Amino acid sequence: MTTPEPADRVLARASLADGDPTRWFDQLYTAAARGEAEVPWTRGTPNADLAAWAHPGEGRRALVVGSALGDDAELLSEAGWAVTAFDVAPTAVEAARARFPSSRVDYVVADLLNPPSEWRHAFDLVVEIINIQAMPREFRRAAVASLAGFLAPGGTAIVSEVAEESTDAETWEGPPWPFSRAEIESVAQDGVRLVGLETVRDGARYWATFTR
Ligand SMILES: C[S@@+](CC[C@H](N)C(=O)[O-])C[C@H]1O[C@@H](n2cnc3c(N)ncnc32)[C@H](O)[C@@H]1O
């Protein structure tokens, strides 16, 4: 007997075959809300590397990209950041609001590939963890440019993605599509500069910080 393919793979394949890099995310969250699928990246807890970083916000503005069910956004809110958190999947945004009904986080439906113009240079902290790599590589340049654009002067951007050097590129099948070191470094554009680049999780992920 063959094991059925997980819903995320099936939905991603159909969405990508239609040239749509993001449609499958909302379909997956909707199926999961009905108990018909699992969302593989949802853990019910904040990202451990971000929890270890969690600098105090002191009221400064933070933007969480691809906020999923809200755990990272809530972590930063608890640390004193004024958090805006966005996801392209409306069902994820609704679920995050429902999970944290008294939250101070502003949960928004938005697309990294076409973000609100008022977010340009508007955030003292920008957090991007394993979202850009979930879109095919042809969208990477636009997504990275958009990300760099959010960072305010003097702010910090955190970027964490699967490290290509830890994978077997010959056999690897996306999503996700890992990042090379040069692709991580490419966030340093348009006045943004690299502060630090290391690997975490035994070399499996890059953890990079930038400032403007
Ligand atoms: C692999 S999950 C990672 C979620 C979370 N950042 C984490 O670390 O667990 C990717 C998330 O990004 C969202 N996403 C994908 N493409 C996006 C885009 N273009 N704009 C905004 N959100 C996007 C998806 O809906 C999904 O919630």
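Nothing here was measured: the structure is a model prediction, and the numbers come from that model. For ligands, and for the atoms within them, numbers begin at 1 and follow the listed sequence. The first residue of the sequence shown is numbered 1, and numbering continues consecutively from there.
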Contacts satisfying salt bridge (charged side-chain N to carboxylate O under 4.0 Å, His left out) that involve residues 97-110 (not counting sequence neighbours) are D71-R99
Would E118 and R61 pass as an ion pair if we require N to O under 4.0 Å?
no
Can you tell me if Q133 has a non-hydrogen atom under 4.0 Å from ligand 1?
no
Specify whether W119 and F123 have parallel, tilted or perpendicular ring planes, treating 30° as the upper limit for parallel and 60° as the lower limit for perpendicular.
perpendicular
Can a side-chain donor-acceptor contact be found between E165 and Y206 if the only test is distance below 3.5 angstrom?
yes
Ligand 1 contacted by N47 (non-hydrogen, < 4.0 Å)
no
Any non-hydrogen atom of F139 lying under 4.0 Å from ligand 1?
no
Applying side chain to side chain donor-acceptor pair (under 3.5 Å) as the test, list every pair that has at least one member in residues 139-153; sequence neighbours left out.
R140-E183
Is it the case that ligand 1 has an N or O less than 3.5 angstrom from some N or O of V88?
yes
Would you say D72 has any N or O atom under 3.5 Å from an N or O of ligand 1, going by distance alone?
no
Tell me which part of T22 gets within contact of ligand 1: side chain, backbone, both or neither, using heavy atoms under 4.0 Å.
side chain
Between ligand 1 and A110, can you find any atom pair, the residue atom being a heavy atom, that is separated by under 4.0 Å?
yes
For atom 11 (C) of ligand 1, which candidate among I132, V39, N131 provides the closest heavy atom?
N131
Between W41, F86, Y29, F25, which one has a non-hydrogen atom sitting closest to atom 15 (C) of ligand 1?
F25
Side chains of L125 and I158: does their closest heavy-atom pair fall under 4.5 Å?
yes
